[in-house]
*Asks:* 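My structure is below; once you've seen it, I'll send some questions.
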Protein chains: 2
Amino acid sequence: MMLTEQVDRIKERLKSKGYKLTPQRETTIRVLLEHEKDHLSAEEVFLLVKERFPEIGMATVYRVLDLLNELQIVQKVNFGDGAARFDLRAANSPHLHHHLICTQCGNVEEIMEDWLVSLEKRVEREFGFTVTDHRLDFQGVCSSCQMKEREKNKGGKNCQAVS
Amino acid sequence: MMLTEQVDRIKERLKSKGYKLTPQRETTIRVLLEHEKDHLSAEEVFLLVKERFPEIGMATVYRVLDLLNELQIVQKVNFGDGAARFDLRAANSPHLHHHLICTQCGNVEEIMEDWLVSLEKRVEREFGFTVTDHRLDFQGVCSSCQMKEREKNKGGKNCQAVS
DNA sequence: GTAATTGCAAAAGATTTGCAAGCGA
DNA sequence: TCGCTTGCAAATCTTTTGCAATTAC
């Protein structure tokens with residue numbers, strides 16, 4: 001889908017709920033769409049928006065992000081560093097992506113498929129709990145960090161870990 | 001398992017890593033064990049510990065919780081309200097419990113089984129990502145809130161939602 | 001005895017709020 | 001025009017840090 005198309009769709013959503021289309025809101029939405037893969041923090045969004053709209057204030061960015069979160073356009077997530085991050089929800093899927101969080105390099109990879117359909121049914125069946133959303137994150141070591149590790153240990157030393 | 005037994009086990013773990021057994025640490029551990037189901041925030045832990053050990057300071061509680069988190073005795077989680085919460089890890093299972101978070105009443109129920117074994121294998125296989133831990137939360141409406149909802153709507157009105 | 005640990009107070013971040021001015025519909 | 005929005009600064013809330021005094025081993 002084209003960027004403009006996505007922007008328009010979100011603008012439509014705002015309008016339909018009676019919210020005004022201000023340049024601050026539009027710029028923030030564009031920044032989020034252009035950094036879809038990045039899990040930006042509020043401050044990062046602020047800095048990026050400020051590049052194009054220098055008068056904007058931090059508080060406005062927080063308010064826009066809050067609004068988009070309420071409208072389910074973004075999802076606020078917390079990976080454990082001090083700050084909340086914002087994940088754009090896919091236009092078609094109502095669910096948050098799954099994440100692979102590398103504890104060595106801090107990189108976050110996304111799994112866009114929904115792997116939880118059958119588990120949601122199980123929750124419904126066993127707990128009588130109606131699922132509206134879910135969150136699945138894996139922590140561990142990504143393939144490129146594993147490669148670096150192997151690289152570092154090469155040389156046939158075949159060493160054992162000692163405490 | 002008895003409480004004292006669990007406390008001893010954790011004390012052993014501290015000692016083996018060269019940490020000292022202070023009354024502040026012991027009291028904090030006891031409080032966490034006695035509120036295993038509660039997902040306490042740092043402040044809540046602080047207040048509970050303060051009841052038995054009034055001289056303790058907030059900073060100490062944060063430091064103890066950090067330490068227990070590092071030793072994998074508790075797991076720091078963030079459900080999206082402003083503050084981090086602490087979940088005791090089961091003595092046998094290395095993984096964090098799954099959670100059913102009710103968006104109506106805010107209650108958090110735990111699933112103690114590990115439902116993710118096969119998905120972890122898939123992550124390993126498809127992404128070359130070695131999983132060390134995971135997190136699975138479902139948001140939705142719990143059975144008792146659904147019941148309250150039904151109760152409220154009874155009387156055969158059979159109404160439709162209007163915006 | 002000595003290094004780890006603590007309590008306090010201050011600092012640091014992240015986020016929210018009050019309010020007068022500005023702007024979109 | 002009118003009420004929603006904004007920018008700023010101050011306030012709030014959570015968490016961290018520096019440091020001298022204390023304590024477990």
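Chain naming here is simple, since letters A, B, ... match the order of the sequence lines and numbering starts at 1 in each. Below, all heavy atoms of this structure are taken into account, side chains as well, without hydrogens, waters or symmetry copies.
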*Asks:* Rounded to the nearest Å, what distance is computed from the CD atom of residue B:Glu44 to the C1' atom of nucleotide D:dT15?
*Replies:* 16 Å
*Asks:* Look at B:Gln24 and C:dG7 and indicate whether a side-chain polar atom (N or O) is within less than 4.0 Å of OP1 or OP2.
*Replies:* yes
*Asks:* Respond yes when some side-chain nitrogen or oxygen of A:Thr60 is under 4.0 Å from OP1 or OP2 of D:dG7, and no when none is.
*Replies:* yes
*Asks:* Are A:Phe79 and A:Leu100 linked, directly or through intermediate hydrophobic residues, by side-chain heavy-atom contacts shorter than 4.5 Å (ILVMFWY only)?
*Replies:* no
*Asks:* Does A:Thr22 place a side-chain N or O at less than 4.0 Å from the phosphate oxygens OP1/OP2 of D:dT6?
*Replies:* yes
*Asks:* Would you kindly give the NZ-to-C1' distance between B:Lys76 and D:dT16, to the nearest whole Å?
*Replies:* 10 Å
*Asks:* Tell me what B:Arg63 touches on the nucleic acid: a base, only sugar-phosphate, or nothing, going by heavy atoms under 4.0 Å.
*Replies:* base
*Asks:* Can you measure B:Asn78 atom CG to C:dG13 atom P for me and round it to whole angstrom units?
*Replies:* 19 Å
*Asks:* Please report, rounded to the nearest Å, how far the C1' atom of C:dA25 is from the NZ atom of A:Lys15.
*Replies:* 10 Å
*Asks:* Please pick, from D:dC25, D:dG7, D:dT15, the nucleotide with the shortest atom-to-atom distance to any side-chain atom of B:Leu21.
*Replies:* D:dC25
*Asks:* Roughly how many Å is it from CG in A:Leu14 to P in C:dA25, rounded to a whole number?
*Replies:* 10 Å
*Asks:* Just checking B:Phe53: base, sugar-phosphate only, or nothing, at a heavy-atom cut-off of under 4.0 Å?
*Replies:* sugar-phosphate
*Asks:* Can you name the one residue among B:Glu126, B:Glu120, B:Glu124 that meets side chain to side chain contact (heavy atoms under 4.5 Å, CB included) with B:Arg122?
*Replies:* B:Glu126
*Asks:* Is there a side-chain polar atom (N or O) of A:Ser41 under 4.0 Å from OP1 or OP2 of C:dA14?
*Replies:* no
*Asks:* Think B:Tyr62 has a side-chain N or O under 4.0 angstrom from the OP1 or OP2 of D:dT16?
*Replies:* no
*Asks:* Please report the distance, rounded to the nearest Å, between CD in B:Glu26 and C1' in D:dT23.
*Replies:* 15 Å
*Asks:* Please determine whether residues B:Leu3 and B:Leu14 belong to a single hydrophobic cluster, defined as Ile, Leu, Val, Met, Phe, Trp and Tyr linked transitively by side-chain heavy-atom distances below 4.5 Å.
*Replies:* yes
*Asks:* Any salt bridge linking A:Arg9 with A:Glu5? Criterion: basic side-chain nitrogen under 4.0 Å from a carboxylate oxygen.
*Replies:* no
*Asks:* Please state how far atom CZ in A:Arg25 lies from atom C1' in C:dG24, giving the value in whole angstrom units.
*Replies:* 10 Å
*Asks:* Mapping B:Lys50 and B:Lys20 to their closest nucleotides on DNA chain C, which lands nearer the 5' end?
*Replies:* B:Lys20
*Asks:* Nearest whole angstrom, please: distance from the P of C:dT5 to the CD1 of B:Ile56.
*Replies:* 14 Å
*Asks:* Do A:Lys50 and A:Glu55 sit within salt-bridge range, that is, some charged N less than 4.0 Å from a carboxylate O?
*Replies:* no
